[in-house]
Amino acid sequence: MPVCLRKHSCAMLLIGCLVGGMSGVESLKAADVRTVALTRNHAAGTRDVWDGFYEFTINDWGQTAFIGTMTGNGVTDLTRRGVWLEDYGNQLLVARGGQAAWGVDDGALFRGFSKPRINSLGTVVFTSNLHGDNVSFLNGAGAFRFGDDYGPKMLFRIGQAWGDGTMDISNFSYMRTNESGEYAIKMELNKLGEPLSGFVVVKGDGQTVKTIAETGSFAGDVGNGVTYDDSYFAPQLNNNGDVSFMAHISGDGVFEWNDIGIWMNQNDIQVLQVRERMSAPGTNQALDSISFATINDAREIVFKGDLVPLLGHDFNWLTDAGLWGGDKDDLQLIARRGDAAVGLEGWNFGRFLDTRINHDGTIVFTGQLANDVESLEETKGIWRHKDGVTNLIAGTGSVIEGLDEGEFVRYVFQNTMNGLGQVAFTAGIAGAGVTDNDDSGLWIVGTDGELELLIREGDLFDVDDDPIAEDFRVISEISMDGLSGGEEGRSMSLNDRGELAVRLDFTDGSEGLFVFSTIAAIPEPGSVALLGVGLVGMLARKRKWGLG
């Protein structure tokens with residue numbers, strides 16, 4: 001079971017040995033950490049070894065999926081990538097470059113892979129480039145689904161005829177999947193010899209396919225004669241099967257300044273969520289432009305938008321953007337550019353960035369900070385909004401749990417949230433004594449609202465799951481690949497069991513995938529107490545996953 005300690009406390013390794021000899025290494029483990037995969041180890045289902053990982057995601061049962069790259073005799077650029085499904089130590093190769101792609105009749109092979117998603121049924125969806133003598137840019141990619149219910153299959157392929165046969169699929173978005181085994185995808189369509197001429201958003205379950213919206217179909221809630229023209233971004237899919245998508249429209253009463261909206265398909269009915277030039281709640285302005293909305297299972301949304309003044313009101317570019325969330329009929333202004341940044345004295349909210357929302361309407365968002373002149377790109381904060389109250393989690397200049405004296409947050413990077421309200425994020429660290437070797441860390445906000453530093457660059461981390469053996473390596477980089485609220489069909493890093501999927505790089509050039517159980521019970525200290533009060537002082541710089 002992996003543990004981690006601070007690199008620059010050599011005494012801690014000695015202490016670990018002493019405690020291990022007295023009461024067993026298990027007494028040192030503050031919580032459970034599972035090693036999913038390590039470079040230089042055998043890649044399951046092959047004769048090769050892993051040499052890299054990306055797109056690491058987890059489901060609510062703790063199963064994970066990831067893309068790995070391999071090295072070995074005979075490994076080529078075609079065969080070096082694969083997709084794996086992992087179930088508490090059991091690894092299954094789902095697909096590998098060079099293997100025959102499922103459902104093809106022209107000898108096409110898998111090549112590269114992107115964005116695998118996994119739901120709690122163990123179903124994995126992904127897209128892949130294809131390779132072969134009969135493969136070209138006209139048919140060189142496919143969308144695939146792997147699951148026990150309908151087996152491995154190709155869902156769609158570029159070049160595939162669509163509709164009445166006069167249009168072909170020319171491209172597709174990333175896929176979404178939910179806990180019911182459904183998927184959603186947006187595909188771009190064109191006619192032979194013509195430029196891009198349409199789109200379609202579909203939902204399926206591996207056996208049936210349903211069209212949600214397409215070019216020329218009537219747009220919901222915007223009047224007669226208005227149709228969809230084009231769609232932006234990948235759709236979102238919640239666990240109730242609702243599909244949210246952003247589209248460009250045309251028709252009666254549609255002009256350049258109100259031709260974009262966001263819809264949610266609910267029980268086959270298109271329900272408009274928000275549209276350009278709608279009144280912006282909480283302001284005397286209208287929405288000038290809108291971002292794609294993030295959704296949850298309760299059909300609530302969170303989105304950011306720019307503002308334009310209504311007739312008779314002044315315009316101020318320092319307050320011309322905001323963030324809104326909630327039910328479409330009761331949207332609330334969460335934060336507005338130019339307002340005082342909650343928890344960061346002397347700063348205002350600047351440009352809003354990432355947004356997340358979970359099933360109880362808790363919203364997490366990030367934004368740059370601003371002074372009275374501009375938004376400053378080198379600054380950033382992360383906030384949580386719940387029950388009408390916004391609280392700072394961390395921001396540039398703030399001193400938070402786990403930092404040493406004289407240290408502070410430099411910049412907030414990645415973040416993810418689960419249905420329990422836990423929030424995990426990575427952040428840069430600055431201050432006295434901080435170097436390039438220990439200037440970032442990973443924190444989590446617990447179910448009790450308390451903030452805790454989990455791991456930090458420069459920590460010694462035991463990658464060996466064996467409770468007796470140890471293999472300590474120095475962390476050089478920390479990252480999460482599934483940045484989500486958990487209910488929009490995107491890949492997750494933090495599930496509703498409090499399990500956190502993390503990718504770590506080490507100074508020896510190796511890297512690994514790990515799952516942290518962030519709400520595991522902390523064991524009794526046992527005979528650690530025999531080492532005395534003096535030893536406790538030496539452990540003051542411990543990490544949660546170190547000596548407990």
Practice task
Could I get the full list of ring-ring contact (aromatic ring centres under 6.0 Å, His included) partners for Phe110, not counting sequence neighbours?
Solution key: Trp102, Phe113, Phe144

Problem - Min side-chain heavy-atom separation Asn119-Val125 under 4.5 Å - result: no

Fill in the blank from the handout: Sorted by chain and number, sequence neighbours left out, ring-ring contact (aromatic ring centres under 6.0 Å, His included) with Phe156 holds for none

Handout entry: Non-hydrogen side-chain atoms of Ile185 and Val202 separated by less than 4.5 Å
Key = yes

Handout entry: Exercise: do Asp297 and Asn239 side chains pair donor with acceptor under 3.5 Å
Key = yes

Exercise for the section: Return the set of residues passing side-chain hydrogen bond (donor to acceptor under 3.5 Å, both in side chains) with Asp496 (not counting sequence neighbours), or none when no residue passes. Expected result: none

Practice task
Please check if the side chain of Glu487 supplies one atom and the backbone of Asn238 the other of a donor-acceptor pair under 3.5 Å.
Solution key: no

Practice task
If a pair satisfies salt bridge (Lys or Arg N to Asp or Glu O under 4.0 Å) and one of its residues is in residues 153-177, list it, with sequence neighbours excluded.
Solution key: Asp106-Arg157

Exercise for the section: Taking side-chain hydrogen bond (donor to acceptor under 3.5 Å, both in side chains) as the test, write out the residues that go with Arg145, two or more places apart. Expected result: Asp149

Exercise for the section: List for me each residue that meets side-chain hydrogen bond (donor to acceptor under 3.5 Å, both in side chains) alongside Arg497, sequence neighbours excluded, and say none if there are none. Expected result: Tyr88, Glu499

Exercise for the section: Verify ring-ring contact (aromatic ring centres under 6.0 Å, His included) between Phe245 and Phe292, making sure each step is shown before the conclusion. Expected result: CA-CA 8 Å; Phe245 61 95; Phe292 191 66; 8.8 Å; no

Practice task
Mind running side chain to side chain donor-acceptor pair (under 3.5 Å) on Ser114 and Thr127 for me, showing each step along the way?
Solution key: CA-CA 6 Å; Ser114 64; Thr127 57; 2.5 Å; yes

Exercise for the section: Flag the pair Arg96 and Asp48 as a salt bridge only when some basic side-chain nitrogen lies within less than 4.0 angstrom of an acidic carboxylate oxygen. Expected result: yes

Exercise for the section: Go through the structure and list residues passing side-chain hydrogen bond (donor to acceptor under 3.5 Å, both in side chains) with Asp439, not counting sequence neighbours. Expected result: none

Practice task
Assess the side chains of Gln422 and Thr518: does a donor N or O sit below 3.5 Å from an acceptor N or O?
Solution key: yes

Handout entry: Over 12 non-hydrogen atoms of neighbours within 6.0 angstrom of CD in Glu378
Key = yes

Practice task
Starting at OG1 of Thr35, measure out to CG of Asp462 and round the result to the nearest 0.5 Å.
Solution key: 7.5 Å

Exercise for the section: Flag the pair Leu500 / Leu442 as yes when at least one side-chain heavy-atom distance between them is below 4.5 Å, and no otherwise. Expected result: yes

Handout entry: Geometric class of the Trp324/Phe303 ring pair [parallel <30°, tilted 30-60°, perpendicular >60°]
Key = parallel

Handout entry: Gap separating the CG atom of Asn418 from the CD1 atom of Ile444, nearest 0.5 angstrom
Key = 7.0 Å

Problem - Step-by-step side chain to side chain contact (heavy atoms under 4.5 Å, CB included) determination, Arg456 to Asp438 - result: CA-CA 7 Å; Arg456 179 172 175 174; Asp438 64 355; 3.9 Å; yes

Practice task
Test side chain to side chain donor-acceptor pair (under 3.5 Å) on Ser491 and Glu55 and set out the steps.
Solution key: CA-CA 8 Å; Ser491 58; Glu55 304 295 356; 5.3 Å; no

Exercise for the section: Under the salt bridge (Lys or Arg N to Asp or Glu O under 4.0 Å) rule, collect the residues that match up with Arg275, sequence neighbours excluded. Expected result: none

Handout entry: Contacts of Lys380 that satisfy salt bridge (Lys or Arg N to Asp or Glu O under 4.0 Å) - sequence neighbours left out
Key = none

Practice task
Check whether any side-chain heavy atom of Phe461 lies under 4.5 Å from a side-chain heavy atom of Phe506, and answer yes or no.
Solution key: yes

Fill in the blank from the handout: Trp443 meets the ring-ring contact (aromatic ring centres under 6.0 Å, His included) criterion, sequence neighbours left out, with Phe425

Problem - Euclidean distance, Glu182 CD relative to Lys210 NZ, rounded to 0.5 Å - result: 8.0 Å

Exercise for the section: Please lay out, stage by stage, how Tyr54 and Phe56 fare under the test ring-ring contact (aromatic ring centres under 6.0 Å, His included). Expected result: CA-CA 6 Å; Tyr54 57 104; Phe56 183 35; over 10 Å; no

Handout entry: Validation row: Tyr183, Val209 side chains within 4.5 angstrom (heavy atoms)
Key = yes

Completion exercise
Applying ring-ring contact (aromatic ring centres under 6.0 Å, His included) to Trp50 and not counting sequence neighbours gives Phe53, Phe66, Trp84

Problem - Carboxylate-amine/guanidinium contact Asp32 Arg34, below 4.0 Å - result: no

Practice task
Kindly determine whether Thr379 and Gln368 satisfy side chain to side chain donor-acceptor pair (under 3.5 Å), including the steps that lead there.
Solution key: CA-CA 6 Å; Thr379 61; Gln368 291 175 344; over 6 Å; no

Practice task
May I ask you to check whether Ser289 and Asp306 show a side-chain donor-acceptor distance below 3.5 Å?
Solution key: yes

Fill in the blank from the handout: Applied to residues 126-137, the salt bridge (Lys or Arg N to Asp or Glu O under 4.0 Å) test, sequence neighbours excluded, yields none

Problem - Separation between CG of Asp229 and CD1 of Ile249, rounded to the nearest 0.5 Å - result: 8.5 Å

Problem - Short N-O contact, Lys304 and Asp354, less than 4.0 angstrom - result: no

Problem - 4.5 Å side-chain heavy-atom contact, Leu93 and Thr46 - result: yes

